[in-house]
Amino acid sequence: MNIFIMGAPGSGKGTVSSRIKEEFNLNHISTGDIFRANIAGGTPLGLKAKEYTEKGLLVPDEITNNMVKDYLMNLADKKNGYLLDGYPRTLDQAKAFEELTKGTDLAVDRVIAMDIPFEELTRRITGRRTCKNCGEIYNIYYKPPKKENVCDVCGHELSQRKDDNEASLKVRLDEYAKNTAPVIAYYDDKGIVSHIDASKSQEEIWSTIKETLKNK
Ligand SMILES: [Zn+2]
């Protein structure tokens, strides 16, 4: 089973991914891992990609697509398939990947879309507070500290990450939506997308996903 997982930052993609990986014995891979492995390994594609990133340019789709395909092909242990996070980022990448993998065991079977309303995401992100002393994480809406702005565990003052504000979140999300919406629509047309309501509780989300994937 080969899966793409897509979701905005804050949609809970990470948590869900590790559970899918465990339950279904898949290789959980992010495009970041693939880039790092190719660049560190000095592969021809990695060297090309490095030329672009060093100039601060976006790596062209053709390089990215082939890098992803090579990486998946050459996994030492293919397990029951892959769970890929962060790819495809654009419609062009989605189409190219389909061409590259058509009829092979690398073709994607299922796309999980973590759908979440903007208001909910805003609360998740802008409500986030962390303790720099002990690392405890809070959310003023969902998991507030007993005393305002003070860590329950160690009594240290809580802080908020600078870019966890609504304006910066909107920029990140707009960018995400602009690129991803056409990709999801593309797979929707093929009937392989499982839309997950990511505003639900973690347990509800997980049982829906598990059912979806088991009945595939
Ligand atoms: Zn603390």
Side-chain angles (χ1 to χ4, degrees), residues 3-40 53 56 71 79 82-87 89 111-180 184 194-213:
I3 307 171
F4 290 151
I5 185 161
M6 322 195 90
S11 63
K13 204 170 48 166
T15 312
V16 160
S17 293
S18 26
R19 295 186 81 165
I20 297 175
K21 170 193 148 187
E22 291 297 320
E23 179 83 17
F24 297 95
N25 188 32
L26 303 175
N27 281 298
H28 178 208
I29 304 153
S30 78
T31 35
D33 296 336
I34 298 180
F35 272 85
R36 278 188 293 276
N38 273 277
I39 290 176
T53 50
Y71 189 91
K79 301 191 176 175
Y82 61 76
L83 171 67
L84 191 53
D85 182 351
Y87 181 88
R89 257 188 224 292
V111 176
I112 295 178
M114 301 288 286
D115 296 334
I116 187 161
F118 181 72
E119 298 70 38
E120 166 69 16
L121 211 47
T122 307
R123 283 193 295 271
R124 286 191 188 182
I125 305 279
T126 63
R128 196 153 62 186
R129 300 289 183 277
T130 53
C131 173
K132 278 188 180 156
N133 187 45
C134 73
E136 191 71 9
I137 298 167
Y138 299 86
N139 185 296
I140 56 169
Y141 303 105
Y142 305 114
K143 190 200 166 196
K146 291 195 186 81
K147 194 174 160 206
E148 197 182 334
N149 223 29
V150 175
C151 179
D152 292 346
V153 180
C154 72
H156 199 270
E157 189 190 355
L158 300 180
S159 53
Q160 184 177 22
R161 251 176 44 186
K162 218 166 121 203
D163 56 353
D164 281 353
N165 61 67
E166 198 167 334
S168 129
L169 175 67
K170 190 154 183 348
V171 173
R172 275 184 275 165
L173 284 185
D174 285 351
E175 180 66 22
Y176 172 80
K178 195 181 81 193
N179 291 323
T180 314
I184 294 180
S194 302
H195 284 275
I196 304 298
D197 180 352
S199 63
K200 294 252 171 73
S201 76
Q202 281 193 10
E203 283 319 305
E204 283 173 288
I205 292 173
W206 175 236
S207 67
T208 311
I209 291 182
K210 209 159 68 173
E211 278 311 298
T212 312
L213 294 178

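One-based numbering, in listed order, for ligands and for the atoms of each. Residue numbers count from 1 along this sequence.
Remark: K132 NZ is loosely packed, at most 12 non-hydrogen atoms of other residues, nucleotides or ligands lying under 6.0 Å away.
Put simply, the side chain of S168 never gets that close to the backbone of D164: no donor and acceptor are under 3.5 Å apart. Counting only distance, with no hydrogens or angles, the side chain of K143 and the backbone of I137 share a donor-acceptor pair below 3.5 Å.
A distance of 10.0 Å separates CG in L158 from CD in E148, rounded to the nearest 0.5 Å.
Partners of N133 by side chain to side chain donor-acceptor pair (under 3.5 Å), not counting sequence neighbours: none found.
Just one residue in the list N179, T180, T31 forms a side chain to side chain contact (heavy atoms under 4.5 Å, CB included) with R89, and that residue is T31.
Near-neighbour remark for the Zn ion (ligand 1): protein N, O or S atoms under 2.8 Å are C131 SG, C134 SG, C151 SG, C154 SG; waters not counted.
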